[in-house]
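Comments concern the structure below.
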Amino acid sequence: MVRLITHNLLACHAKGCTSNNFPLQFKDIQVELREAEFNSDFLRGFLPRIEWAALVDASRQLGDTSLPAEQPEMLDDDFLQKLHHVLLEIHVEEGAMICPNCHHVYPISNGIPNMLLAEHEIG
Amino acid sequence: MSRPEFQAPPEIYYGDAEAKKYTNNSRIQQIQADMTYRALELLNLPPDQPALLLDIGCGSGLSGEILDEQGHVWVGVDVAPSMLEVALEREVEGDLFLQDIGQGFGFRPGSFDGAISISVIQWLLNAETSHPTSSPPHRLQRFFTTLHAALRNPSRAVFQFYPTSDDQVQLITSMAQKAGFGGGIVVDYPNSNKARKVFLCLFVGGGGGQQVPKGLEAEGADGEEHAKFEKARERLRKKMDGKRKNIKDKEWILKKKDLYRRRGKEGVPNDSKYTGRKRRAAF
Ligand SMILES: C[S@@+](CC[C@H](N)C(=O)[O-])C[C@H]1O[C@@H](n2cnc3c(N)ncnc32)[C@H](O)[C@@H]1O
Ligand SMILES: [Zn+2]
């Protein structure tokens, strides 16, 4: 159940991989849509933490084009609804996430990404 | 029987059979729930704001269900696939990761409003995972350093754990301090064999202004201690009262049940006029 809210927080944690290690790139993914409860307070609190360009890019990779390229200044209900859907209702079930820097592959199976590192990759 | 962490690596110990047994044991459910409520109390989150939390060693989601109930969004990490499998079956709301916490986290700086961890970090001192790993101090250092970075400033991380000695408590606290955390150990009911619980309560930032909370003390006979411990839930409820709307209202529950049915989940209770109805005190 990787959703874009967590994908947007996740960088590669392999040994020595400290720059250009975000965002992880999706590969061969399958998604499922599942409704989640809308909470505008939560979204407003989370908004300042979002890397906007990464979110827009990731949402397009998952086939959702509802977010504007620039983060809007007005947080109207229509925008928050779209943001809610993109962050919390699109679940990546299968596929992989790949580090843009060291190319480590984090496979996703049954909605759960495997973040385990091999011995030589542990920092 | 010796403690689980002496017997096998966590992902072996918590295999399919044990993961189910653990999760379905009503006594375990109760104890883990009590400790989760107490950990949430010690986290001291602003009462009117749903938070993004990290559940470290989330297992089958016994704590996660309480985070859901409290209206928080959470991410859970655990090294035992069988435990995560049970969490999936139980349809918890959080995002789950298969991860060895001794290898550290990759979350961006300031990602989480707080972290909880219930009955987990003693594992970092004992059995290794079967994945290639290094020494316990190194694993602790990697764990605390990357956790500290992943938390917002200011915030807290609260760990309930089962140390076997004062040396272990010492090692864990000193590694946490080295990673930049403030805070310390909180012991609830220190004089009771049964009710005694150890919490490591860590602070990010706050310039030392944050005081380590006091442990709970027994007032009366030994028997009352457990009852008082359970009161954490009530205290939390009271604090939230009126500030948080009832998130699991009727419309939401019906929607969710419908979703489960469409996804072929069996045994979803039929709707009734009582579904999601607020339980009112009788006159
Ligand atoms: C007693 S269970 C507690 C589970 C859950 N927190 C609860 O309260 O029900 C301990 C959990 O810690 C996990 N664990 C142990 N060592 C770990 C590690 N190095 N990384 C991640 N999880 C670990 C185990 O897989 C297991 O699910
Ligand atoms: Zn990398």
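Proteins get letters first, then strands, A, B, ... in listed order; numbering begins at 1 in each.
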- Over all heavy atoms of both residues, which pair between B:Gln49 and A:Phe42 is shortest? Give the atoms and the distance, please. NE2-CA, 4.1 Å

- Task: Work out which heavy atom in B:Gln103 is nearest to a heavy atom in A:His13; give both atom names and the distance.
- Result: O-ND1, 3.9 Å

- Item | Toward chain B: residues of residues 45-60 of chain A with heavy atoms under 4.5 Å | A:Gly45, A:Phe46, A:Arg49, A:Ile50, A:Glu51

- Query: Do A:Asn110 and B:Leu84 pass the side chain to side chain contact (heavy atoms under 4.5 Å, CB included) test, and can you show the C-alpha distance, the side-chain angles, and the key distance before you say yes or no?
  - Reply: CA-CA 10 Å; A:Asn110 231 333; B:Leu84 294 173; over 6 Å; no

- Within residues 63-100 of chain A, residues adjacent to chain B where the heavy-atom gap is under 4.5 Å: A:Leu88

- Task: Ignoring hydrogens and angles, tell me if any N or O in the side chain of B:Asp95 forms a donor-acceptor pair with the backbone of A:Arg3 under 3.5 Å.
- Result: yes

- Query: Under 3.5 Å, is there a donor-acceptor pair between the side chain of B:Arg108 and the main chain of A:Asn8?
  - Reply: yes

- Item | A:Phe22 portion near chain B, given a 4.5 angstrom heavy-atom threshold | side chain

- Most heavy-atom pairs under 4.5 Å with chain A, out of B:Val77, B:Leu52, B:Thr146, belong to B:Leu52

- Minimal non-hydrogen separation, A:Pro113 against B:Leu96, with atom names: CD-O, 3.1 Å

- Calculate, to the nearest 0.5 Å, the distance between atoms CG and CZ belonging to A:Leu10 and B:Phe97 respectively. 5.0 Å

- Note on the structure: Looking only at A:Ile108, A:Ile5, A:Asn114, the option with the highest number of non-hydrogen pairs under 4.5 Å against chain B is A:Asn114

- Item | Exam field: side chain B:Gln99 to backbone A:Leu116, donor-acceptor pair closer than 3.5 Å | no

- Measure distances from A:Asn21 to the heavy atoms of chain B and classify the residue's part below 4.5 Å as side chain, backbone, both or neither. neither

- Message: Let me confirm one number: the CD1-CG distance from A:Ile122 to B:Asp100, rounded to the nearest 0.5 Å.
- Response: 7.0 Å

